[in-house]
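Here is the structure we will look at, set down as structure tokens.
Computed over heavy atoms, backbone and side chain alike; hydrogens, waters and symmetry mates excluded.
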Amino acid sequence: MNAPVRHLSLAELEAGLRALPAAPQRHGALRMIVRRLADGSRETPASVVLGRAEGVPGDDWIRRPPQKPDAQLAVMRTDVATLIAAGQPLTTFGDNLFVDLELSDSALPAGTQIRVGRALVEVTPEPHNGCSKFNARFGNDALRLVQRKETRDQNYRGVYWRVIEDGEAALGDSIEVMR
């Protein structure tokens, strides 16, 4: 029998965020790749070729019309996701890439280009907000945390990237902010 999912309180989430070390600003690493399959299951390949046509090949993004190019790759900081997940697998989020890299607006404004392995991606202006699925999976307080006006620019829920140059990306690959 599975243990019940525990959602962290807002106070626990805030304390957890304060305890996290600062994320790398210019050079980070790719920690997880997630492909969302048509049946709702998830795969975590060790590498993929990120592509302009479909982002993560085989990901559900390509099957959900209309495809929004500015929401091609959903990206989240690994440490923030681990905190919010409170023991649930990171694949529960539905994001494609989990990274060790600062994702705040000040560190990565829209238009910033980033090398992920051999692929080149760009931060899009599309906001990555929590939704009803996020609320159900992680709780009301987690949704409040990621949507609060005063900290929204920190992008705790993550950001969107779009591929501008196809290339292979693998777990552990370097991420370099190109500016």
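A 4.5 Å side-chain heavy-atom check between L103 and V99 finds at least one atom pair inside the cut-off. Residues L143 and F138 fail the side-chain proximity criterion, which asks for heavy atoms closer than 4.5 Å. Within the 4.5 Å cutoff, the side chain of Q113 has heavy atoms near those of the I164 side chain. The shortest distance between side-chain heavy atoms of T78 and T82 falls below 4.5 Å. Residues D153 and S106 fail the side-chain proximity criterion, which asks for heavy atoms closer than 4.5 Å.
Across all their heavy atoms, Q72 and G51 have their closest contact at NE2-O, 3.4 Å. Taking both residues in full, the closest heavy atoms of L50 and A169 are given as CD1-CB, 3.9 Å, listed atom of the first, atom of the second, then distance. The two atoms that bring N135 and H7 nearest to each other are O-CE1, 4.5 Å, heavy atoms only. Looking at every heavy atom in both residues, A119 comes nearest to G167 through CB-O, 3.5 Å. Nearest approach of D39 to S41, heavy atoms of both residues: OD1-OG, 2.6 Å. A pairwise comparison of heavy atoms in A38 and R63 identifies N-NH2, 3.0 Å as the closest pair.
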Margin query: Under the criterion salt bridge (charged side-chain N to carboxylate O under 4.0 Å, His left out), I'd like the reasoning laid out for R115 against E165: C-alpha separation, chi angles, the key distance, then a yes or no.
Written below: CA-CA 9 Å; R115 179 78 54 197; E165 183 180 296; 2.9 Å; yes

Note to self: side chain to side chain donor-acceptor pair (under 3.5 Å) for N129 and R152? Distances and angles first, verdict last.
What the structure shows: CA-CA 9 Å; N129 300 315; R152 183 61 189 88; 2.9 Å; yes

Note to self: Determine whether R118 and E168 satisfy the following criterion, salt bridge (charged side-chain N to carboxylate O under 4.0 Å, His left out), listing intermediate values before the conclusion.
What the structure shows: CA-CA 5 Å; R118 294 179 174 225; E168 184 176 11; 5.6 Å; no

Item checked: Test log, rule side-chain contact (heavy atoms from CB on, under 4.5 Å), inputs F93 and R157 -> CA-CA 10 Å; F93 282 94; R157 177 58 192 99; 4.1 Å; yes

Item checked: Residue pair Q154, T151: steps toward the side chain to side chain donor-acceptor pair (under 3.5 Å) verdict -> CA-CA 6 Å; Q154 296 303 301; T151 56; over 6 Å; no

Note to self: Using salt bridge (charged side-chain N to carboxylate O under 4.0 Å, His left out), reason through R148 and E14 one step at a time and then give a plain yes or no.
What the structure shows: CA-CA 12 Å; R148 276 197 314 212; E14 289 171 333; 2.4 Å; yes

Item checked: V146 vs I84, side-chain contact (heavy atoms from CB on, under 4.5 Å): CA-CA, chis, key distance, verdict -> CA-CA 10 Å; V146 302; I84 293 171; 4.1 Å; yes

Next item on the list: Take R77 and L101, measure what side-chain contact (heavy atoms from CB on, under 4.5 Å) needs, and give me the verdict at the end.
Entry: CA-CA 6 Å; R77 259 179 63 180; L101 186 70; 5.8 Å; no

Next item on the list: Check step by step if side chain to side chain donor-acceptor pair (under 3.5 Å) holds for T124 and E126.
Entry: CA-CA 5 Å; T124 74; E126 182 77 21; 6.0 Å; no

Check: After noting the C-alpha distance and the side-chain angles of E43 and L37, does the key distance pass the side-chain contact (heavy atoms from CB on, under 4.5 Å) rule?
Finding: CA-CA 7 Å; E43 288 181 342; L37 302 177; 3.6 Å; yes

Check: What do the steps show when you test D70 against K68 for salt bridge (charged side-chain N to carboxylate O under 4.0 Å, His left out), and what is the final call?
Finding: CA-CA 5 Å; D70 280 356; K68 293 171 70 176; over 6 Å; no

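Checked by atom type and distance alone, the side chain of D166 never pairs as donor or acceptor with a backbone atom of V49 at under 3.5 Å. Without hydrogens or angle criteria, D141 side chain to S9 main chain gives no donor-acceptor distance under 3.5 Å. Side chain of R35 to main chain of I33: no donor-acceptor pair is present (N/O by atom type, distance under 3.5 Å, no hydrogens or angles). Proximity of a side-chain donor or acceptor of R42 to a complementary backbone N or O of R36 within less than 3.5 Å is not detected. A distance-only check finds no donor-acceptor pair linking the side chain of D100 to the backbone of G28 [under 3.5 Å]. Under a 3.5 Å cut-off, the side chain of D95 and the backbone N or O of L97 do not form any donor-acceptor pair.
Within the structure, every pair that satisfies the ring pair (Phe, Tyr, Trp, His ring centres under 6.0 Å) test and touches residues 150-179, not counting sequence neighbours, is listed here: H128-Y160.
Cluster membership check: L145 shares its hydrophobic cluster with L20, using side-chain heavy-atom separations under 4.5 Å among Ile, Leu, Val, Met, Phe, Trp and Tyr. Put simply, V121 and V56 are part of the same group of oily side chains (I, L, V, M, F, W, Y) that touch within less than 4.5 Å, one to the next. When the side chains of ILVMFWY residues are joined at heavy-atom separations under 4.5 Å, either directly or via intervening members, L30 and M32 end up in two distinct hydrophobic clusters. Linking ILVMFWY side-chain heavy atoms closer than 4.5 Å, directly or via other members, places M76 and V34 in a single hydrophobic cluster. Hydrophobic cluster membership is shared by L8 and V80, with clusters built from Ile, Leu, Val, Met, Phe, Trp and Tyr side chains linked at under 4.5 angstrom.
Rounded to the nearest 0.5 angstrom, L90 CG and T92 OG1 are separated by 7.5 Å. Taken to the nearest 0.5 Å, the CD atom of E54 stands 11.5 Å off from the CG atom of D60.
For the side-chain contact (heavy atoms from CB on, under 4.5 Å) test with I114, the passing option among V75, L120, I175 is I175; the others fail.
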